[in-house]
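A short worksheet on the structure shown next.
Remember, it's 1-based here, ligands and their atoms both numbered in the order they're listed. None of the values given here were measured: they were computed from a predicted structure.
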Amino acid sequence: MPKVLIIGAGLSGLTSAYALKDSEYDVEILEARPRLGGRIYTKEVNSCQLELGATWFGPQHTSLMALVNQLEIPFKTQENGREAIYDFRPKGHLERFQIPNQESSTFKFKAGSSTLINALFHKQTSKVHFNENVKSISYFDSFVVQTEKNQFKADYLILTIPLQLIADTIEFEPGLPQSFQDLISNTHTWMSDSIKFSVAFDSDFWKNDRYIGTLMSPQQIVQEMYDHSDKDREQNALVGFLNAGYSVLTEENRRDRLFNQLSDTFNQKTFDIKAYADVNWRNEAFTIHKQAQALVPHQNNGNPKLREGFFGDRLYFSASETAAQTPGYMDGAVHRGMEVAKLLVKKLG
Ligand SMILES: Cc1cc2nc3c(=O)[nH]c(=O)nc-3n(C[C@H](O)[C@H](O)[C@H](O)COP(=O)(O)OP(=O)(O)OC[C@H]3O[C@@H](n4cnc5c(N)ncnc54)[C@H](O)[C@@H]3O)c2cc1C
């Protein structure tokens, strides 16, 4: 059986593994982290599900929706209430705004985005090797993939590592064309510059009949915030993004400043916190290199050259940012993960 190695057990890699499960290929996955999911990360703390990576999707995300329906993963509509708080301080005021009716719904997974990852993992049949950080890839008449600890051989490779990270950290022998190296060095990894937080409380003190947690505050630590409660699981939670300028602080310092802002906004002196976590994705070595050059959001995402095959169409790049549809998003990861699997299946006729 020809051997396929998928590098990366994020959404794209697991989608390809799922799509190849009944094929004539022997498929294995190498994953640098000790966990599945990559930029999808629902962390369980004190029985609360804290959403720290990708969260929202919509009916326009057709590849993702098809997979979610096929796997029967429960999802629900994101409720934003009828009013939002806009905090323009210190230069302006705290103001309430009416939220216009949305033309289409925004969805999120009922028990966290990792439910999609776990479902894919259980439905596919490939072995996942965790803590295998790929350092170099060489090709003669087959591939040799060198990780920090081991060597793996394969006939075909699917590389789902974010493209800018590949340019910064992986060596190829023979080298990739310079024009392609330049392109991937300049391909933005969506949301790699963000700090996402999630916090669960005993009570939903922020809610009233018109307002349920939507906050925008460009000058404060919390830039955007949304309700993330779930009645069925008795979870009262908020989720959002912190100002990237606060990335130099520790998680504890960011947490203190966030609660100062919430206390001030909601006139709340004490909090009954059940769980808090944030992830500064800039510090995630398997998403972006520390010294990566700053790029414009979505720069080069979806460029058709990213979908070219290499080494006689035996190696494909497959991170979400390569996708022809909604590159950078969960939908792009599913779209491209399926596409690459189909290309390989076609090879065997
Ligand atoms: C904070 C945040 C919020 C987001 N919000 C949304 C949202 O609301 N909606 C949406 O649609 N999308 C959102 N996204 C984007 C979404 O998460 C991605 O599009 C999608 O998860 C990408 O999947 P992927 O498999 O292409 O890449 P990744 O998830 O990055 O997977 C790549 C995998 O490769 C592994 N890897 C990296 N280097 C190596 C190595 N050297 N060796 C072996 N393995 C390696 C990684 O550990 C990872 O598991 C968000 C992303 C973040 C970070």
Side-chain angles (χ1 to χ4, degrees), residues 5-17 29-42 51-58 60-61 63-65 68 78 106-109 113-114 116-117 120-121 128-137 145-150 152 157-166 168-171 187-198 224 226 228 239-242 244 278-289 297-298 301 306 317-323 325-337 340:
L5 268 183
I6 299 174
I7 318 292
L11 182 55
S12 177
L14 288 171
T15 299
S16 292
I29 307 178
L30 304 184
E31 170 53 53
R33 288 180 165 104
R35 65 166 179 87
L36 300 166
R39 280 175 276 167
I40 294 180
Y41 183 28
T42 314
E51 200 66 274
L52 299 167
T55 307
W56 297 284
F57 55 100
Q60 74 279 18
H61 293 160
S63 295
L64 176 67
M65 290 302 299
V68 166
Q78 169 71 45
T106 301
F107 304 133
K108 59 186 175 186
F109 294 100
S113 304
S114 289
L116 171 61
I117 292 296
L120 278 173
F121 175 67
V128 181
H129 302 264
F130 289 99
N131 302 307
E132 292 290 359
N133 177 9
V134 172
K135 306 298 281 180
S136 69
I137 292 169
V145 176
Q146 185 68 52
T147 68
E148 268 169 354
K149 300 181 294 189
N150 293 304
F152 296 83
L157 279 191
I158 301 177
L159 227 67
T160 77
I161 301 172
L163 298 162
Q164 196 184 17
L165 186 61
I166 293 177
D168 287 339
T169 59
I170 311 261
E171 270 183 44
T187 300
H188 183 249
T189 304
W190 181 231
M191 300 303 281
S192 59
D193 320 290
S194 66
I195 311 175
K196 184 126 185 219
F197 76 92
S198 190
E224 277 175 53
Y226 305 93
H228 202 60
V239 70
F241 296 94
L242 301 183
D278 73 36
V279 172
N280 180 2
W281 285 89
R282 256 265 155 211
N283 288 343
E284 288 288 304
F286 300 119
T287 296
I288 187 164
H289 189 255
H298 289 301
N301 284 194
L306 299 172
F317 293 85
S318 179
S320 173
E321 285 72 16
T322 62
Q325 174 175 311
T326 52
Y329 295 90
M330 290 189 277
D331 184 54
V334 172
H335 189 79
R336 181 62 177 161
V340 165

Where the closest heavy atom to [atom] is concerned, which of [options] has it?
atom: atom 52 (C) of ligand 1; options: Gln78, Arg33, Met191; answer: Met191
atom: atom 25 (O) of ligand 1; options: Ser12, Ala333, Ser194; answer: Ser12
atom: atom 26 (O) of ligand 1; options: Ser320, Gly328, Gly337; answer: Ser320

Checklist entry - Hey, what's the ring geometry for Trp281 with Tyr41, parallel, tilted or perpendicular (30° and 60° as the breaks)? => result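 Ring orientation, 0 to 90° scale: perpendicular.
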Among all protein non-hydrogen atoms, which one is nearest to [atom], and what is the separation to 0.1 Å?
atom: atom 13 (C) of ligand 1; result: Ala54 CB, 3.3 Å
atom: atom 21 (O) of ligand 1; result: Ile40 CG1, 3.6 Å
atom: atom 45 (C) of ligand 1; result: Ala32 CB, 3.6 Å
atom: atom 12 (N) of ligand 1; result: Met330 N, 3.5 Å

Item to check | Inter-residue atom distance His335.NE2 - Thr322.OG1, 0.5 Å rounding | outcome: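 His335 atom NE2 to Thr322 atom OG1 measures 9.5 Å (nearest 0.5 Å).
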Checklist entry - Checking side chain to side chain contact (heavy atoms under 4.5 Å, CB included) for the pair Phe152/Thr147: CA distance, chi angles, key distance, verdict? => result CA-CA 8 Å; Phe152 296 83; Thr147 68; 3.9 Å; yes
Next on the checklist: Can a side-chain donor-acceptor contact be found between Ser318 and Ser12 if the only test is distance below 3.5 angstrom?
Outcome noted: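 Yes, because at least one side-chain N or O of Ser12 sits under 3.5 Å from a partner of the opposite role on Ser318.
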Item to check | Single hit among Glu148, Arg33, Glu31, Lys149 for side chain to side chain donor-acceptor pair (under 3.5 Å) with Asn133 | outcome: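 Single side chain to side chain donor-acceptor pair (under 3.5 Å) partner of Asn133 among Glu148, Arg33, Glu31, Lys149: Glu148.
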Checklist entry - Should we count CD of Gln60 as having more than 12 external heavy atoms under 6.0 Å? => result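 Count over threshold, so yes.
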